[in-house]
Asker: 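Pasting a structure here, questions to come.
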Amino acid sequence: MDPIKNQISAIDPLTVDAVAEPNGEEALHRILSGSTVFSDSHPVAAVTSLDQRRRRKAQIAGGLLLAAAAVTAGVLVAANLGSVNTAPAPAVTATTTEAKPTPSVSVTPTPTTPPATPSAKPTATATAAAPTSPPAPTVPVVAPTPVSTTTLPHASLSRTFTFPDGHLSFTLPVGWSAYTEPGPYLSEETKAASQGATVLDSAGTKVAMVGSGFYGDGTAGEVTRTVYDRAAVPGLRDISGNLVEFGFAANQSRYVPYGAPEGSAKVLGDPYYFMDVRLASELQSGETDSGTNLIRMPNGFMNAYVLFDFDKQPTFATPEAAKAYMGTTQYAQLKSMLLSLSYK
């Protein structure tokens with residue numbers, strides 16, 4: 001059986017014996033063409049035992065397993081730790097400084113030593129794992145300064161003007177003033193109660209008149225009236241309880257020209273503009289009576305009206321100009337003053 005073992009050993013890839021590679025064709029020819037003589041004359045050292053081949057296979061398999069395990073471990077380490085070329089971050093050394101009390105409410109940063117470089121030598125300072133943010137500076141709280149409302153431009157309040165007898169009053173716009181003078185009277189008993197107040201604007205110009213305790217008289221005629229604005233005066237009622245209103249309007253007299261033939265049609269005169277307070281019945285539009293602005297009160301008659309330029313007639317060149325005047329500051333101030341009239 002030695003030649004057969006030698007042939008099997010010769011084709012085993014795992015053997016490392018230095019045996020010459022057999023010639024297959026020659027061996028096959030010898031087997032088929034002639035008798036074979038089996039002999040055990042070959043030396044034992046040239047034959048590899050089965051136990052040696054098994055141990056060799058086990059060693060090769062173990063080496064392959066170790067190599068595979070090493071490759072797998074290397075891949076896992078590389079995936080978890082990243083690149084092996086990344087340099088480690090230097091440790092940061094934080095030096096604690098004893099804080100000293102100070103009366104200041106602000107925080108002054110304390111100068112520190114240059115940043116420490118990584119060192120293998122142990123030090124007495126504490127090493128922080130990560131840099132910490134410096135403490136936020138304390139901002140002083142400043143109490144708000146009280147602001148006096150009397151120093152503001154809009155803080156000046158309008159003031160109320162009251163007649164000497166204490167019955168009639170009204171509110172003056174900011175910067176305006178008024179003074180009283182004795183008014184017309186019929187007897188000594190009514191003299192003290194009759195007072196006329198002249199109203200001046202902030203420039204000292206006379207802009208309105210208000211009378212209280214007057215006696216009543218006057219004339220009237222036919223007019224065509226155009227009313228541009230009207231509003232009720234909350235603080236006024238006549239002795240009969242009739243409503244009093246503020247009004248801005250224009251009257252045009254209706255008359256027959258002097259010397260015209262009898263039966264001639266009436267014509268309209270130039271518009272006469274007025275702004276005053278009167279009974280609501282005296283502020284009707286259209287063809288009506290000119291009426292009066294005298295209002296009967298418990299202490300006598302009162303009236304209140306704006307002083308337009310008497311020498312400039314008509315006061316407004318056109319109705320459009322009169323409507324434009326309604327949008328001015330002066331118009332708003334005069335209207336507000338007349339609407340504030342109150343009798344007690």
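This is a predicted model, so every value here is computed, not measured.
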Asker: Treating Gln195 as the side-chain partner and Lys191 as the backbone partner, does any N or O pair qualify as donor plus acceptor under 3.5 Å?
Answerer: no
Asker: Let me confirm one number: the CD-OG1 distance from Gln333 to Thr328, rounded to the nearest 0.5 Å.
Answerer: 8.5 Å
Asker: Do you know the tightest heavy-atom contact between Met302 and Leu341?
Answerer: CE-CD1, 4.4 Å
Asker: Check the surroundings of atom CZ in Phe310: do more than 12 heavy atoms from other residues, nucleotides or ligands lie under 6.0 Å from it?
Answerer: no
Asker: Could you work out, with side chain to side chain contact (heavy atoms under 4.5 Å, CB included) as the rule, every residue matching Asp229, not counting sequence neighbours?
Answerer: Phe246, Phe248, Met326, Tyr331, Lys335
Asker: Tell me, with the steps shown, if Arg225 and Glu287 meet salt bridge (Lys or Arg N to Asp or Glu O under 4.0 Å).
Answerer: CA-CA 6 Å; Arg225 179 177 297 133; Glu287 295 182 1; over 6 Å; no
Asker: Just wondering, do Thr205 and Leu200 contact through their side chains at under 4.5 Å, heavy atoms?
Answerer: no
Asker: With rounding to the nearest 0.5 Å, note down the distance linking CD in Glu222 to CG in Asp289.
Answerer: 8.0 Å
Asker: Within a strict 4.5 Å, meaning less than it, do heavy atoms of the Glu282 and Thr288 side chains meet?
Answerer: no
Asker: Nearest 0.5 angstrom please: Asp238 CG to Arg296 CZ, how far?
Answerer: 9.5 Å
Asker: Could you pull out the closest heavy-atom pair between Thr171 and Met337, with the gap in Å?
Answerer: O-CG, 3.3 Å
Asker: Looking at Gln252 and Gly269, would you say the former's side chain and the latter's main chain have a donor-acceptor pair under 3.5 Å?
Answerer: yes
Asker: Out of curiosity, Ser342 OG to Phe170 CZ, how far, rounded to the nearest 0.5 Å?
Answerer: 12.0 Å
Asker: Is there a side-chain contact between Ser194 and Pro184 in this structure, where contact means two heavy atoms from C-beta onward sitting under 4.5 Å apart?
Answerer: yes
Asker: Output the rest of the hydrophobic cluster of Phe214: all Ile, Leu, Val, Met, Phe, Trp and Tyr residues reachable through side-chain heavy-atom contacts under 4.5 Å, sorted by chain and number.
Answerer: Leu294, Phe301
Asker: Can you tell me which residue pairs pass the salt bridge (charged side-chain N to carboxylate O under 4.0 Å, His left out) test with a partner in residues 268-279, sequence neighbours excluded?
Answerer: Asp276-Arg278
Asker: With distance as the sole criterion, is a donor-acceptor pair present between the side chains of Glu189 and Ser187 under 3.5 Å?
Answerer: yes
Asker: In this structure, are over 12 heavy atoms from other groups packed under 6.0 Å from Arg230 atom CZ?
Answerer: yes
Asker: Test: ring pair (Phe, Tyr, Trp, His ring centres under 6.0 Å). Region: residues 259-282. Which pairs qualify, not counting sequence neighbours?
Answerer: Tyr273-Phe316
Asker: Look only at the side chain of His167 and the backbone of Tyr343, and say whether a donor-acceptor pair between them is shorter than 3.5 Å.
Answerer: no
Asker: Once ring-ring contact (aromatic ring centres under 6.0 Å, His included) is applied, do any residues pair with Tyr215, and if so which ones, sequence neighbours excluded?
Answerer: none
Asker: Can you find a pair of side-chain heavy atoms, one from Leu236 and one from Leu338, that are under 4.5 Å apart?
Answerer: no
Asker: Checking Ser169 against Phe163 for the side-chain contact (heavy atoms from CB on, under 4.5 Å) test, could you report, in this order, the C-alpha distance in whole Å, the side-chain angles of both residues, the deciding distance, and whether it holds?
Answerer: CA-CA 6 Å; Ser169 64; Phe163 278 80; over 6 Å; no
Asker: Not counting sequence neighbours, which residues clear side chain to side chain contact (heavy atoms under 4.5 Å, CB included) with Lys323? List them please.
Answerer: Tyr228
Asker: Give me the atom names and distance for the closest heavy-atom approach of Phe161 to Ala178.
Answerer: CE1-O, 3.7 Å
Asker: Donor-acceptor check, side chain of Ser264 to backbone of Val256, threshold 3.5 angstrom: yes or no?
Answerer: no
Asker: Measuring only between side-chain heavy atoms, which start at C-beta, is Val207 closer than 4.5 Å to Leu307?
Answerer: no
Asker: For residues Val210 and Ala304, report the shortest heavy-atom separation together with the two atoms involved.
Answerer: CG2-CB, 4.0 Å
Asker: Which value, rounded to the nearest 0.5 Å, describes the distance between Phe308 atom CZ and Thr315 atom OG1?
Answerer: 6.0 Å
Asker: Can you name the nearest heavy-atom pair linking Leu339 to Pro234, along with the distance?
Answerer: O-CD, 3.7 Å
Asker: Which value, rounded to the nearest 0.5 Å, describes the distance between Leu168 atom CG and Asp165 atom CG?
Answerer: 8.0 Å
Asker: Taking the side chain as every heavy atom from C-beta outward, state whether Leu279 and Val244 have any atom pair closer than 4.5 Å.
Answerer: yes
Asker: According to a 4.5 Å side-chain heavy-atom criterion applied to Ile, Leu, Val, Met, Phe, Trp and Tyr, with indirect links allowed, do Leu334 and Leu283 form part of one hydrophobic cluster?
Answerer: no
Asker: Kindly give the heavy-atom pair with the smallest separation between Ala220 and Gly291, and that separation in Å.
Answerer: CB-N, 4.1 Å
Asker: Kindly indicate whether the side chain of Arg159, heavy atoms from C-beta on, has any atom under 4.5 Å from the side chain of Ser177.
Answerer: yes
Asker: Indicate yes or no: at least one non-hydrogen side-chain atom of Tyr255 is less than 4.5 angstrom from one of Val267.
Answerer: yes
Asker: Using distance alone, with no hydrogens and no angle criterion, decide if Ser212 and Asn299 have a side-chain donor and acceptor under 3.5 Å apart.
Answerer: yes
Asker: Step by step, would you call Met209 with Val199 a side-chain contact (heavy atoms from CB on, under 4.5 Å)?
Answerer: CA-CA 6 Å; Met209 292 288 298; Val199 180; over 6 Å; no
